[in-house]
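Input: a single structure, listed below in structure tokens.
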Amino acid sequence: MSGHGHPIPMTSVACGPLAGTADVPGDKSISHRSLILGAMCVGETTIAGLLEGQDVLDTAQAMRDFGAEVTDHGGGSWSVRGVGVGGFMEPAGVIECGNSGTGVRLIMGAMATQPITATFSGDASLNSRPMARVTDPLALFGCQTVGRAGGRLPMTLVGAVDPVPVRYTVPVPSAQVKSAVLLAGLNAPGQTVVIEKEATRDHTERMLEGFGAEISMRETDEGREITLSGRPELRAQHIEVPRDPSSAAFPVCAALIVPGSDVLVPGIGLNPTRAGLFSTLRDMGADLTYENERIEGGEPVADLRARFSPDLKGIDVPPERAASMIDEYPVLSIVAAFANGRTVMRGVKELRVKESDRIDAMATGLRANGIVVEDGPDWWIVTGAGHGNVAGGAVCQSHLDHRIAMSFLILGMAANAPVSVDDGGPIATSFPIFEPLMAALGARVSRSAGA
Ligand code: S3P
């Protein structure tokens, strides 16, 4: 089930060379943060290039529910008239976050230090994901929580009336947890300090600085330490959202495995905390180049050119790179199936608590398509069959996970037999134009069940 309607079975069949330009949508992480920080300013924040995927639309609605005025001006242009730090209104109903872990966790952080109560819920995927990783640090600010067993949604948060600032070391590599603590720290007096042992995506820190918060970062023996001064007056901004590297991953990887392909993916955000996949693909021998490298809106950006790469080789992916490519392992495993040799992915326990258990979902589907995969609690290894030797032919379950659905459809573009997914509906959460964009490049994806 897509969680937003009836399941949409989809099938992808082998295609000729992929060619042309792929204009992928705006960055999902930055889109969520633009709306939430916009809602915490006084004045009007304008946003260009917002991702209009369901996850972000759910966050937009949530910000309205907390009292902000959020307006869609068409063509990715949005505005948010905020209520100021500490100005959230108590929502009248349940905050529905759909499929989005980022949405719910960041919004919980933003409301946890305000004297209001809110109840959060989501689809079957989100309601099965762990929330204690966020509610534990939020409790230190004085926020109370009642949820289902195991700290699952639906869950009610009673925000702190007199919040205190916290010093918190994030126990898992998670930008969502780090960001939830920083957003809570905005309405706590004094300094909130977050320490992360492994650097994760730093969009919240960069954007808080852009919105005028007092925030500093330093490297310590414990890891990266971020200090935020509470109760700033955030200044409304104009935000140009860069295009999403996690969405770019799909046309890029498709071009590498479909013979004869040559695809340009312009304007991709290449923040080093996000770009690990592209380094990994180059280490595997991918013909992937960065053109027109530049800085836009404080983020490094380039045009990516990906061409069919006949001599891909399996590699050991450096575990320290995991956080910078955490959402890209599913599609990397597809490229690995077309490589020669083993691609070893270690230090990736977090993949088990994403929109689905991504190791299990990919390993099961790849095996059904004739690929050898071994897996353990925090690792998996794909033994590549090499170009021309990937059987395909299976119907794979997407488990309400957009990246699983898209990954298997990419597999079908270069496998020997069609590949289907039981439900492509979740693709709309992050990449609503996936089907027309891939079709324009020459891919053959249809809304039909597999044989
Ligand atoms: C995100 C952080 C990551 C990532 C997710 C987006 C964010 O999750 O998987 O898609 O925008 O902060 P974790 O914080 O759970 O690693």
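We use all heavy atoms of the structure for the numbers below, so side chains are in, but hydrogens, waters and symmetry mates are not. First listed ligand is number 1; within each ligand, the first listed atom is number 1.
For Glu90, the side-chain hydrogen bond (donor to acceptor under 3.5 Å, both in side chains) test picks out no residue, with sequence neighbours left out.
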Output side-chain donor-acceptor pairs under 3.5 Å for residues 35-46, partner residues at least two apart or in another chain, one line each.
unit_1, atom_1, unit_2, atom_2, d
Thr45, OG1, Gln237, N, 3.2
Thr46, OG1, His238, ND1, 2.7

Compile the donor-acceptor pairs under 3.5 Å between side chains in residues 67-78 and protein atoms, sequence neighbours left out, one pair per line.
unit_1, atom_1, unit_2, atom_2, d
Asp72, OD1, Gly74, N, 2.8
His73, NE2, Ser79, OG, 2.7
Trp78, NE1, Glu52, OE2, 2.7

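Between Phe431 and Phe250, the angle of the ring planes lies from 30° to 60°, which puts this pair in the tilted group.
Arg243 and Asp23 are joined by a salt bridge, as a carboxylate oxygen and a charged side-chain nitrogen come within less than 4.0 angstrom of each other.
The residues lining ligand 1, counting any heavy atom closer than 4.0 Å, are Ser29, Arg33, Thr102, Pro173, Ser174, Ala175, Gln176, Arg201, Ile326, Asp327, Lys354.
Under the side-chain contact (heavy atoms from CB on, under 4.5 Å) rule, Phe120 has a single partner from Ile107, Leu126, Val94, which is Ile107.
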